[in-house]
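Reading through the structure tokens given below for one structure.
All chains are named by letter (A, B, ...) in the order of the sequence lines, taking the proteins before the strands, and each is independently numbered beginning at 1.
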Protein chains: 2
Amino acid sequence: MPHPKRLDPAAILDAALEIVEEQGSAGLSLRAVAARLDVKAPSLYNYFPDKAALEGAVIAASHRLMLETLRRHTRADDPETAFRQTAEAYLKLARKRPALYFFAMNHQTPGADSSPEGKLLWNFLLARVGALSGNPDDTDGAVAVWAFLHGFAVLERSGRFGKSGPKGGLARGLDALISQSLRLN
Amino acid sequence: MPHPKRLDPAAILDAALEIVEEQGSAGLSLRAVAARLDVKAPSLYNYFPDKAALEGAVIAASHRLMLETLRRHTRADDPETAFRQTAEAYLKLARKRPALYFFAMNHQTPGADSSPEGKLLWNFLLARVGALSGNPDDTDGAVAVWAFLHGFAVLERSGRFGKSGPKGGLARGLDALISQSLRLN
DNA sequence: GTCTATATGCGGATAGAC
DNA sequence: GTCTATCCGCATATAGAC
């Protein structure tokens, strides 16, 4: 057969994920994805209508990975311990897969979290904070926590601090947010 | 005269700043800057050795603007009030000039704040936090605050939250960080 | 000091052969 | 379903005329 089926959406997405992780968002081009699959760029259009669709799939995959990771590392029953496990896992992931993490977080996506994946991730975070503050729908608390975690991930990666690193700042922020939530409880 | 001097570094920088504000970082090209000055792109090389140099100037200008803005809006003597004024001014600037703010914050710049402008900005923030916690060199506190402010700016801009907005989350985070710092004092 | 012309490279996307 | 060929646009940067 001259042209057996060599592609499918999952394989294309996997290649795209690898490229983002290795080369950052700027490296994600249809040509690069195709090359990794030993295929030519136009073939990809049989599976994704355009580049934006592929980018959306990458973001959704990143959200899935984040949720899985947080779930896996959050095992404690005690709300505070569980919260700290979630926060730690969040930052660990941002360090381990920075390009993928920032690709998903920085992408100018109107309604980024109207996607099912984004909603699930948000709900998980909300549950951890809610268990802490005693308010199961503690939107404000979850926003504050998410802002801090993401901001910290950005600063940490920016290299703005010496080798000592901003680690002390992490404990400071988490303690502040936790003790306040406990006081609300 | 066939070719009187039409350019200077300040004018080029101003044009670059306008383009970033209007079109975002992706819109910043030498062609676009030159066009705004009614000049051709190669002429810019008489003033900036390459694009990276121009980008560095834009980042430094953004840091100067941030510091001026924070200074202008921070007038109170009371440390907590002063801190809240600084935080409010920070987020107001991020909302008013988002493209310029994020251009400076996101740019992968090793030693972004070894620049004089970055250092001055950091020192101002450190002083506001130090006045609050009673520790004039409260690096951890300043890191926590900066992380929260920047993270909040990102979330706010991402449109991840409904029209109600993440405002409540802002108060939550600031109150947590403030009351903790006061307790340390 | 500014210009034209050009080298060189990247990217997305489409038409049409096989 | 994949390919080749191509269109089109964008960019940084340089050489050399004026």
Side-chain angles (χ1 to χ4, degrees), chain A residues 1-61 99-100 102-103 106-110, chain B residues 1-61 99-100 102-103 106-110:
Chain A
M1 287 175 256
H3 43 256
K5 186 170 185 173
R6 300 167 64 182
L7 293 175
D8 64 89
I12 295 173
L13 174 57
D14 284 347
L17 288 170
E18 290 171 15
I19 288 171
V20 169
E21 287 195 15
E22 292 170 12
Q23 311 178 26
S25 61
L28 181 63
S29 69
L30 296 181
R31 284 171 154 84
V33 172
R36 181 169 290 249
L37 296 166
D38 275 310
V39 140
K40 303 302 176 186
S43 304
L44 303 178
Y45 286 88
N46 289 320
Y47 303 89
F48 291 91
D50 54 26
K51 193 194 179 187
L54 179 56
E55 289 172 339
V58 169
I59 291 171
L100 186 56
F102 287 105
F103 184 86
N106 288 339
H107 223 70
Q108 187 70 354
T109 107
Chain B
M1 287 177 257
H3 41 257
K5 186 170 184 174
R6 302 166 63 182
L7 294 174
D8 64 90
I12 295 173
L13 174 57
D14 284 347
L17 288 170
E18 289 171 15
I19 288 171
V20 169
E21 287 194 16
E22 292 169 12
Q23 311 179 24
S25 61
L28 181 63
S29 71
L30 297 180
R31 284 168 150 83
V33 172
R36 182 169 290 248
L37 296 165
D38 274 309
V39 138
K40 302 303 176 186
S43 303
L44 303 179
Y45 286 89
N46 289 319
Y47 302 89
F48 290 91
D50 54 26
K51 194 194 179 187
L54 179 55
E55 289 173 338
V58 169
I59 292 171
L100 185 56
F102 287 105
F103 184 85
N106 288 339
H107 223 68
Q108 186 72 350
T109 107

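B:R36 is linked by a side-chain hydrogen bond (donor to acceptor under 3.5 Å, both in side chains) to B:E18, B:E22, counting only residues two or more places apart in sequence or in another chain. Shown here are the side chain to side chain contact (heavy atoms under 4.5 Å, CB included) partners of B:A32, two or more places apart in sequence or in another chain: B:I19, B:S29. Residues satisfying the side chain to side chain contact (heavy atoms under 4.5 Å, CB included) criterion with A:Y47, sequence neighbours excluded, are A:K5, A:L7, A:P9, A:I12. Not a single ring pair (Phe, Tyr, Trp, His ring centres under 6.0 Å) links B:F102 to another residue, sequence neighbours left out. With sequence neighbours left out, A:D50 forms a side chain to side chain contact (heavy atoms under 4.5 Å, CB included) with A:A52, A:A53. In this structure, A:N46 has no side chain to side chain contact (heavy atoms under 4.5 Å, CB included) partners at least two apart in sequence or on a different chain.
B:G24 and B:A99 get closest at one heavy-atom pair: CA-CB, 3.9 Å. For the pair A:L28 and A:E55, the tightest heavy-atom approach, listed with the atom from each and the gap, is CD2-CG, 4.1 Å. Annotation for A:L54 and A:A16: closest pair CD1-CB, 4.0 Å, computed over non-hydrogen atoms. B:R6 and B:D38 make their closest contact through NH2-O, 2.5 Å (heavy atoms, listed as atom of the first residue, atom of the second, distance). Smallest separation of non-hydrogen atoms from A:A11 and A:L37: O-CD2, 4.0 Å.
By the 4.5 Å heavy-atom criterion applied to side chains, B:L100 and B:V58 are counted as neighbours. In this structure the side chain of B:F103 never reaches within 4.5 angstrom of the side chain of B:E21, judged on heavy atoms.
In the region residues 30-44 of chain A, proximity to DNA chain C at under 4.0 angstrom, judged on heavy atoms, holds for A:L30, A:R31, A:P42. Taking a 4.0 Å limit (strictly below) on heavy-atom distances, residues 20-27 of chain A does not reach DNA chain D anywhere. For the segment residues 46-55 of chain A, the set of residues with a heavy atom within less than 4.0 Å of an atom of DNA chain C comprises A:D50, A:K51, in numerical order.
Axis angle, first five pairs versus last five pairs of the helix from C:dG1-D:dC18 to C:dC18-D:dG1: 10°, rounded to 10°.
A:L13 CG to A:F48 CZ: the interatomic distance, rounded to the nearest 0.5 Å, is 6.0 Å.
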Show me the protein contacts with nucleotides 8-10 of chain C, counting only N or O atoms at under 3.5 Å.
none

